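Worksheet: one structure, shown below.
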There are 2 protein chains.
Amino acid sequence: MPLSEHTESVQDYLKTIFDIQRERGRVATTVLAERLGNSPASVTGMIKKLAALNLVEYEPYQGVVLTPAGEKIALEVIRHHRLIERYLAEALGVPWDQVHAEAEKWEHVLSEDLEDRIDAVLGYPTTDPHGAPIPKRDGTLPPPHTTRLSDLQSGQSATIAEVSDHDPAMLRYFAELGLRPGVDVTVVAVAPFGGPLTVRLDDVEHAVGREVAGYVSVCDVTSASGE
Amino acid sequence: MPLSEHTESVQDYLKTIFDIQRERGRVATTVLAERLGNSPASVTGMIKKLAALNLVEYEPYQGVVLTPAGEKIALEVIRHHRLIERYLAEALGVPWDQVHAEAEKWEHVLSEDLEDRIDAVLGYPTTDPHGAPIPKRDGTLPPPHTTRLSDLQSGQSATIAEVSDHDPAMLRYFAELGLRPGVDVTVVAVAPFGGPLTVRLDDVEHAVGREVAGYVSVCDVTSASGE
DNA sequence: GGTATTATTTAGGCATTCCTAAAAGCAGTC
DNA sequence: GACTGCTTTTAGGAATGCCTAAATAATACC
Ligand SMILES: [Mn+2]
Ligand SMILES: [Mn+2]
Ligand SMILES: [Mn+2]
Ligand SMILES: [Mn+2]
């Protein structure tokens with residue numbers, strides 16, 4: 001049953017449920033409503049429809065969890081989205097703060113054939129321009145990164161793994177700093193009382209707010225004295 | 001007022017009205033319904049909506065004609081469609097019998113920014129893979145070709161200008177014959193009583209039905225003995 | 001010119017997806 | 001264990017875009 005069996009709305013709901021589920025387990029109506037920009041009442045209605053289609057398990061007042069069928073579709077939509085983001089950035093030079101909006105629309109009308117062609121032209125990439133992993137055709141997706149830049153202690157180094165693509169302005173800020181996936185970062189200082197981190201990127205130091213640093217995931221963390 | 005101010009349905013109606021208008025002037029409800037695959041009753045309803053939006057002039061029982069505003073939008077949609085077809089064929093190797101279906105969906109979600117990028121990557125092409133002209137950004141579009149392959153007499157030569165993209169099977173047939181825009185063709189014989197034409201393409205002769213030849217437009221017609 | 005045929009519109013509905021306002025459930029507090 | 005505040009659902013409705021069946025207008029024919 002291909003993606004196109006489901007409406008754009010259904011696809012976006014499933015994709016969003018998948019994202020929230022990764023972060024916080026069971027998905028509450030209000031959280032989903034907030035993320036989608038719809039009213040909670042509308043979300044309740046759609047949730048019932050998804051449950052009737054066996055795409056989510058719904059427990060009234062207790063939120064939803066994706067069924068295997070629902071997860072499969074969610075992963076297909078996410079694959080489309082991230083492949084498209086990558087393609088737009090790489091093949092057409094679209095700035096990384098704009099690829100998300102474009103992909104949000106295109107993801108719903110991409111054929112499987114074109115998906116394969118794009119995948120091949122890009123050389124079967126594994127991440128999107130923000131560092132988020134692209135699900136494989138079979139629906140495989142590596143677990144999310146657990147360490148954030150804001151979790152690092154003074155003196156620790158790491159590699160940027162992923163940045164949040166939820167806010168274009170923040171992406172432009174990251175680009176300015178040279179903060180992008182694959183780049184090495186060192187935490188020079190951490191101010192107390194939730195204050196800013198001083199980080200070194202490309203031998204340049206920057207002060208970044210604690211909250212913003214929470215939108216950056218890192219991997220390969222090492223402490224000052226070697227390991 | 002950008003394209004996205006109008007629904008996908010409105011965009012497809014305007015595009016289709018434009019096409020029919022080029023062929024036959026005023027656009028009758030039934031013809032439009034037939035082309036869109038909707039019932040005449042549905043088309044009447046939408047026509048009223050388009051008239052209320054000042055996109056068409058509607059005379060009950062007499063069909064519609066695009067207003068300048070409607071024509072502008074139609075040309076934008078057609079520009080999207082043909083640019084996308086060209087891009088899919090050239091950059092992603094999509095076979096020319098499949099580009100239409102893909103473009104039919106993508107045309108509605110293409111941003112102006114991405115349109116410009118695609119245009120630039122392709123080197124500002126003037127025709128789609130089927131030879132149809134791509135409207136310029138300002139809405140300019142050359143007049144349609146008037147001569148069809150089926151209009152040629154025995155002994156006449158011409159250059160293929162455009163082939164109809166309405167039927168994927170026919171496009172595959174054309175591809176097999178080597179019949180594509182830019183290729184020279186010579187009519188070797190014309191069978192009587194509406195019979196087939198014998199045409200030479202790349203020094204190979206083929207018999208093609210009169211009806212099929214009506215779906216091919218030509219230009220630069222010359223008769224056997226020079227001009 | 002009247003009748004048959006065809007084209008078009010009107011009437012009434014349905015599916016989808018969203019909304020606001022109001023009711024009801026849930027959970028923590030005292 | 002009742003109250004309170006927040007979450008969630010229910011009720012009722014709107015917009016869009018499609019449908020079938022029935023009525024009506026236009027046209028073509030004799
Ligand atoms: Mn989307
Ligand atoms: Mn992304
Ligand atoms: Mn379309
Ligand atoms: Mn075409």
Side-chain angles (χ1 to χ4, degrees), chain A residues 1 3-17 20-21 23-65 70 73-74 77 104-105 107-109, chain B residues 1 3-17 20-21 23-65 70 73-74 77 104-105 107-109:
Chain A
M1 178 181 319
L3 262 199
S4 46
E5 297 295 312
H6 299 285
T7 64
E8 196 166 313
S9 259
V10 168
Q11 292 178 35
D12 278 336
Y13 267 82
L14 294 174
K15 187 180 66 164
T16 307
I17 291 169
I20 299 171
Q21 204 173 297
E23 299 162 17
R24 4 184 3 160
R26 202 163 248 279
V27 178
T29 303
T30 319
V31 176
L32 186 51
E34 164 82 19
R35 197 75 70 96
L36 287 164
N38 292 342
S39 73
S42 301
V43 170
T44 298
M46 178 60 94
I47 274 175
K48 285 180 172 176
K49 187 191 166 169
L50 297 177
L53 290 168
N54 279 306
L55 299 173
V56 300
E57 267 173 49
Y58 172 46
E59 188 83 44
Y61 293 99
Q62 304 303 317
V64 293
V65 179
I73 293 163
V77 181
E104 195 59 45
K105 300 175 295 174
E107 64 189 359
H108 306 292
V109 299
Chain B
M1 180 180 314
L3 263 199
S4 47
E5 296 296 312
H6 299 284
T7 64
E8 196 166 313
S9 260
V10 168
Q11 292 177 36
D12 279 335
Y13 268 83
L14 294 174
K15 186 180 66 165
T16 307
I17 291 168
I20 299 171
Q21 204 173 297
E23 299 161 18
R24 4 181 9 159
R26 201 163 251 278
V27 178
T29 304
T30 318
V31 177
L32 185 51
E34 164 82 22
R35 197 75 70 95
L36 286 165
N38 292 342
S39 73
S42 301
V43 169
T44 298
M46 179 60 93
I47 275 175
K48 285 179 172 175
K49 186 190 166 170
L50 297 177
L53 290 168
N54 280 305
L55 299 173
V56 300
E57 267 174 49
Y58 172 46
E59 187 84 43
Y61 295 99
Q62 303 304 317
V64 292
V65 180
I73 293 164
V77 181
E104 195 60 44
K105 300 176 296 173
E107 64 189 358
H108 306 292
V109 300

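Just the heavy atoms: all of them, side chains too, but no hydrogens, waters or symmetry mates, feed the values below. The structure displayed is predicted, hence computed values, not measured ones. The chains referred to below are lettered A, B, ... by the order of the sequence lines, with proteins before strands, and numbering in each begins at 1.
The nearest heavy atom of DNA chain C to B:Thr44 and to A:Pro60 marks one nucleotide each, and the one closer to the 5' end goes with B:Thr44.
Between A:Gln11 and A:Glu107, every side-chain heavy-atom pair lies at or beyond the 4.5 Å cut-off. Under the 4.5 Å side-chain criterion, counting only non-hydrogen atoms from C-beta, B:Asn38 is not in contact with B:Leu32. Residues B:Tyr13 and B:Thr7 fail the side-chain proximity criterion, which asks for heavy atoms closer than 4.5 Å. B:Val10 is listed as a side-chain neighbour of B:Met46, based on a closest heavy-atom distance under 4.5 Å.
Near DNA chain C, meaning a heavy atom under 4.0 Å away, the residues from residues 50-58 of chain B are B:Tyr58.
We find that OH of B:Tyr61 is positioned 14 Å from P of D:dA23, with the value rounded to whole Å. B:Glu34 places its CD atom 15 Å from the P atom of C:dT6, with the value rounded to the nearest Å.
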Nucleic acid footprint by protein, nucleotides 12-22 of chain C - heavy-atom cut-off 4.0 Å, B for base, S for sugar-phosphate alone: -----SSBBB-
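The line from NZ of A:Lys105 to NZ of B:Lys105 is 15.5 Å long, rounded to the nearest 0.5 Å. To the nearest 0.5 Å, atoms CD (A:Glu8) and CD (A:Glu104) are separated by 8.5 Å. Note that CD1 of A:Ile20 is 7.0 Å distant from CG of A:Leu36, once rounded to the nearest 0.5 Å.
When the options A:Leu55, A:Leu50, A:Asp12, A:Val77 are evaluated for a side-chain contact (heavy atoms from CB on, under 4.5 Å) with A:His6, the one that passes is A:Leu55.
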